[in-house]
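Both backbone and side-chain heavy atoms feed into the values below; hydrogens, waters and symmetry mates do not.
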Amino acid sequence: MGMTYFRRYRMELDLRGFRARWDHESLTDAGYQLIGFDEGLVREHAQAKYHSFFREIDADVFPCLGRRDGCLRLMREITSRASFVPGSTWLLRYRDRPGGRGMPVGTVQGLEQDGWGAIQNLGVTPEHRGRGLGRLLLNRAAAGFQAAGLDKMHLEVTTANTGAIRLYEQIGFRRAKVVYKACEIVG
């Protein structure tokens with residue numbers, strides 16, 4: 001075991017004047033279904049979270065993301081907080097054929113922290129990336145924060161996650177500061 005530090009950006013977005021955008025019709029035509037938060041979906045959120053993060057650097061930074069039970073425990077912990085924002089929490093399912101069983105392929109959760117909307121985990125499974133789904137989830141979360149009366153939001157991202165950083169900057173987030181997350185690493 002050794003201690004290492006992961007460099008992360010805190011990224012912020014001013015929601016005043018922000019216009020969330022999404023194309024729900026093309027999403028449905030492509031086999032995707034976007035679902036607002038419901039307590040009965042916690043396991044599906046955890047499944048999407050696990051498959052989005054278990055082989056990524058985020059599972060090193062936050063080991064619970066690398067375990068199925070850790071993702072379920074994390075989802076239960078997030079949704080039980082008084083600061084949980086259900087309107088900023090979304091699940092994305094995919095059906096590969098009409099009438100097929102929908103598989104969870106994306107998730108985002110939101111909390112209110114000190115007057116800010118705080119994204120907890122935005123994840124899309126690797127095989128569904130590059131299709132604008134992360135942008136869709138983030139826009140829906142932003143709209144949920146706006147509906148809750150919040151006028152700014154933030155998230156943290158590991159600096160090595162260049163694809164996510166590029167997405168956040170395209171949406172309008174700016175890098176506010178660098179933070180470090182201490183982690184014990186095996187080997």
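In this structure, D60 and T158 have side chains that are not in contact, with every pair of non-hydrogen atoms separated by 4.5 Å or more. Side-chain atoms of R76 and V42, non-hydrogen and from C-beta on, do get closer than 4.5 Å to each other. Looking only at side-chain heavy atoms (C-beta outward), W90 and N139 stay at 4.5 Å or farther from each other. No side-chain heavy atom of Y168 sits less than 4.5 Å from a side-chain heavy atom of R175. Side-chain atoms of T107 and Q109, non-hydrogen and from C-beta on, do get closer than 4.5 Å to each other. F37 has its side chain within reach of H45: a pair of non-hydrogen atoms, C-beta onward, lies under 4.5 Å apart. For the pair E169/I165, a side-chain contact is recorded, criterion being any heavy-atom separation below 4.5 Å from C-beta on. Between F173 and L167, every side-chain heavy-atom pair lies at or beyond the 4.5 Å cut-off.
For residues 80-90, every residue pair satisfying the salt bridge (charged side-chain N to carboxylate O under 4.0 Å, His left out) rule, not counting sequence neighbours, is listed here: E77-R81.
Partners of D14 according to the salt bridge (Lys or Arg N to Asp or Glu O under 4.0 Å) rule, which considers only residues two or more places apart in sequence or in another chain, are R16. With sequence neighbours excluded, the residues satisfying salt bridge (Lys or Arg N to Asp or Glu O under 4.0 Å) with R93 are E44. Take R7 and apply the side chain to side chain contact (heavy atoms under 4.5 Å, CB included) test, not counting sequence neighbours, and it matches Y9, T159, V178, Y180. With sequence neighbours excluded, no residue forms a salt bridge (Lys or Arg N to Asp or Glu O under 4.0 Å) with R43. Partners of F145 by ring pair (Phe, Tyr, Trp, His ring centres under 6.0 Å), not counting sequence neighbours: none found. Judged as a salt bridge (Lys or Arg N to Asp or Glu O under 4.0 Å), and not counting sequence neighbours, R131 has no contacts. Contacts of F62 classified as ring pair (Phe, Tyr, Trp, His ring centres under 6.0 Å), with partners at least two apart in sequence or in another chain: none. In this structure A176 satisfies the side chain to side chain contact (heavy atoms under 4.5 Å, CB included) test together with E12, R174, sequence neighbours excluded. Scored by the side chain to side chain contact (heavy atoms under 4.5 Å, CB included) test, D96 finds Y94 as partners (sequence neighbours excluded).
Hydrophobic cluster of L91: the remaining members, joined at side-chain heavy-atom separations below 4.5 Å, are I35, L41, listed by chain and number.
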- Task: List the steps, then state whether side-chain contact (heavy atoms from CB on, under 4.5 Å) holds for L138 with I171.
- Result: CA-CA 9 Å; L138 200 53; I171 289 172; 3.4 Å; yes
- Item | Intermediate values then yes/no, side chain to side chain donor-acceptor pair (under 3.5 Å), Q170 and R135 | CA-CA 9 Å; Q170 288 172 354; R135 179 183 306 272; 2.7 Å; yes
- Message: Could you go through R55 and E127, starting from their C-alpha distance and side-chain angles, then the distance that decides it, and tell me whether this counts as salt bridge (Lys or Arg N to Asp or Glu O under 4.0 Å)?
- Response: CA-CA 13 Å; R55 290 189 178 139; E127 60 275 12; over 6 Å; no
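Contact check on R8 versus E156 returns a salt bridge, with a Lys/Arg side-chain nitrogen under 4.0 Å from an Asp/Glu carboxylate oxygen.
By the rule that hydrophobic residues join a cluster once side-chain heavy atoms approach within less than 4.5 Å of another member, I57 and L65 end up as members of one cluster. Transitive grouping of hydrophobic side chains (ILVMFWY, heavy atoms separated by less than 4.5 Å) keeps M103 and M75 in distinct clusters.
A parallel orientation is assigned to the rings of Y50 and F54, their planes being inclined by less than 30° (bins at 30° and 60°).
Taking the six-membered ring for Trp and the full ring otherwise, Y32 and H128 have centroids separated by under 6.0 Å.
Rounding to the nearest 0.5 Å places CG of D58 at 9.5 Å from CZ of F6.
Of all non-hydrogen atoms in A46 and C71, the two that sit nearest each other are O-CB, 3.5 Å. Heavy atoms only, all atoms of each residue included: S88 and A141 are closest at OG-O, 2.7 Å. For the residue pair P126 and S52, the shortest heavy atom distance occurs at CD-CA, 4.5 Å. A142 and L15 get closest at one heavy-atom pair: CB-CD2, 3.9 Å.
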Identify each donor-acceptor pair in which a side-chain atom of residues 110-125 lies under 3.5 Å from a protein atom, sequence neighbours left out, and give them as a table.
unit_1	atom_1	unit_2	atom_2	d
E112	OE2	D114	N	3.3
E112	OE2	G115	N	2.5
N121	OD1	K49	NZ	2.8

